[in-house]
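The structure under discussion appears below in the form of structure tokens.
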Amino acid sequence: MTYDAVVYDLDGTLVRLAVDWDAVASDVADVLRARGVDPQSAGLWGMLELSDETGHRDAVEATITDYEREGARNSDRLTLADGLPHDVPVGVCSLNAEVACRLALETHDLTRSVGPVVGRDSVGSAKPDPEGLLAVVDEMDATPSETVFVGDSERDAETARRAGTDFAWASEFDQRRYRA
């Protein structure tokens with residue numbers, strides 16, 4: 001099937017951010033503890049949610065984003081990035097901060113090949129909530145039923161399902177029919 005628009009996840013799909021996620025989680029836990037919040041055994045995304053509940057989202061977000069920015073500067077370009085540009089609109093919907101997404105795209109000379117970019121901080125919710133993906137689809141003047149979301153995780157697949165787009169695994173997506 002050919003689609004009228006393609007939306008990519010970023011990390012693990014177009015690029016691989018050079019981020020030590022265990023170090024990020026450790027530093028985020030330290031940020032919360034310094035503010036009197038016990039992160040208990042929460043993982044990184046659990047601590048991000050906890051930071052929302054306790055009013056410390058900005059500090060936690062800044063910590064994560066610092067790592068992502070550096071990871072974007074040192075990221076590896078993946079095979080799907082080599083298949084851009086396409087002859088249909090292309091966007092990015094990511095769990096990474098929007099600024100890190102844009103930096104990774106710039107680092108790998110992909111900025112001109114990608115239109116709208118939505119990160120976890122661009123809209124009021126994060127994947128698998130479909131809000132970000134639908135915002136990208138809307139900004140491209142596409143329709144969900146004629147759009148494919150290409151990703152590398154079950155969270156991406158669930159996001160696509162909730163948004164009403166098709167989903168393709170990054171490892172299986174055939175870009176040849178979209179090349180400009």
- prompt: Is any side-chain heavy atom of Arg102 less than 4.5 Å from a side-chain heavy atom of Glu106?
  reply: no
query: Under 3.5 Å, is there a donor-acceptor pair between the Ser75 and His108 side chains?
result: yes
message: For the residue pair Asp20 / Tyr67, report whether a side-chain donor-acceptor contact shorter than 3.5 Å exists.
response: no
message: Is there a side-chain contact between Pro85 and Arg112 in this structure, where contact means two heavy atoms from C-beta onward sitting under 4.5 Å apart?
response: no
query: In terms of side-chain geometry, is the basic nitrogen of Asp52 or Arg57 positioned less than 4.0 Å from the acidic oxygen of its partner?
result: yes
task: Sort out for me which residue in Arg179, Arg77, Arg176 forms a salt bridge (Lys or Arg N to Asp or Glu O under 4.0 Å) with Asp82.
output: Arg77
message: Is there a side-chain contact between Val92 and Val7 in this structure, where contact means two heavy atoms from C-beta onward sitting under 4.5 Å apart?
response: no
field: Asp87-Tyr178 side chain donor-acceptor pair, cut-off 3.5 Å
entry: no
- prompt: Does Arg162 come within less than 4.0 Å of Glu131, counting only side-chain N to carboxylate O?
  reply: no
message: Show the nearest heavy-atom pair for residues Cys101 and Leu10, with the distance to one decimal.
response: CA-CD2, 3.6 Å
- prompt: Can you find a heavy atom in the side chain of Thr63 that is under 4.5 Å from one in the side chain of Met47?
  reply: no
task: Check Phe167 against Ala160 and note the closest heavy-atom contact, atom names and distance.
output: CB-CB, 3.7 Å
- request: Inspect the contact between Arg120 and Glu98 and indicate whether a charged nitrogen and a carboxylate oxygen are less than 4.0 angstrom apart.
  value: no
